Amino acid sequence: MNQEPILHTAYQLAQNQFDLPELVEAFDEEKAIRLLTLAVRDLLDKDLEKLLNICYRIDLSENTLKQILHQSEPDSVATDLAKALWERQKQKAEIWRKYS
């Protein structure tokens, strides 16, 4: 199955939540995660409450969020959280595609 439409939808979902830039060149999942990591890192530093609200709206599990915040190395919290948020966005995109 071609994952590209799901990945594009996942990026659009993340883009709406985190004000990510448009990807004008060929879609690259690693680049999407890097951009999401930068946005998460910025919110961790400047507006934790907004980040937590986004996690809630995206429906990231509370256990996953707690585990990342409490068990990840300080330098990898943003990356780990971005990857978890990305996986959740992909799940939502798959569900939407399956039932639409």
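In what follows, residues are counted from 1 in the order of the sequence shown. For the numbers below, each heavy atom of this structure counts, side chains included, while hydrogens, waters and symmetry mates do not. The model shown is predicted, which means the values in this text are computed figures rather than measured ones.
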Enter the distance from I58:CD1 to N53:CG here, rounded to the nearest 0.5 Å.
-> 11.0 Å
What's the spacing between C55 SG and E62 CD if we round to 0.5 Å?
-> 11.0 Å
Does NZ belonging to K83 count more than 12 external heavy atoms closer than 6.0 Å?
-> no
Hey, is K90 close enough to E87 for a salt bridge, meaning N to O under 4.0 Å?
-> yes
Contact list for residues 45-56, test salt bridge (Lys or Arg N to Asp or Glu O under 4.0 Å), sequence neighbours left out | D42-K46
Identify whether W96 and Y11 are in the same connected component of the hydrophobic contact network (ILVMFWY, side-chain heavy atoms under 4.5 Å).
-> no
Are L52 and Y56 in one and the same hydrophobic cluster, where Ile, Leu, Val, Met, Phe, Trp and Tyr link if side-chain heavy atoms are under 4.5 Å apart?
-> no
Contact summary for L36 and A82, nearest pair of heavy atoms = CD2-O, 3.4 Å
Please tabulate, one pair per line, all N/O donor-acceptor pairs under 3.5 Å involving side-chain atoms of residues 67-75, not counting sequence neighbours.
{"residue": "S72", "atom": "OG", "partner": "I68", "partner atom": "O", "Å": "3.2"}
{"residue": "S72", "atom": "OG", "partner": "D80", "partner atom": "OD2", "Å": "2.6"}

Check the pair E30 / R34 against side-chain contact (heavy atoms from CB on, under 4.5 Å), numbers first and verdict last.
-> CA-CA 6 Å; E30 288 181 25; R34 281 194 307 272; 3.9 Å; yes
Less than 3.5 Å apart, which donor and acceptor atoms pair up between the side chains of residues 14-21 and the rest of the protein, not counting sequence neighbours?
{"residue": "Q15", "atom": "NE2", "partner": "L20", "partner atom": "O", "Å": "3.3"}
{"residue": "Q15", "atom": "NE2", "partner": "P21", "partner atom": "O", "Å": "3.4"}
{"residue": "Q15", "atom": "NE2", "partner": "E22", "partner atom": "OE2", "Å": "3.2"}
{"residue": "N16", "atom": "ND2", "partner": "Q12", "partner atom": "O", "Å": "3.3"}
{"residue": "Q17", "atom": "OE1", "partner": "R57", "partner atom": "NE", "Å": "3.3"}
{"residue": "Q17", "atom": "OE1", "partner": "R57", "partner atom": "NH2", "Å": "3.0"}

I would like to know whether W86 and T37 meet side-chain contact (heavy atoms from CB on, under 4.5 Å); could you show each step before the answer?
-> CA-CA 10 Å; W86 178 251; T37 299; over 6 Å; no
Would you check if the side chain of S76 reaches a backbone N or O of T79 as a donor-acceptor pair within less than 3.5 Å?
-> no
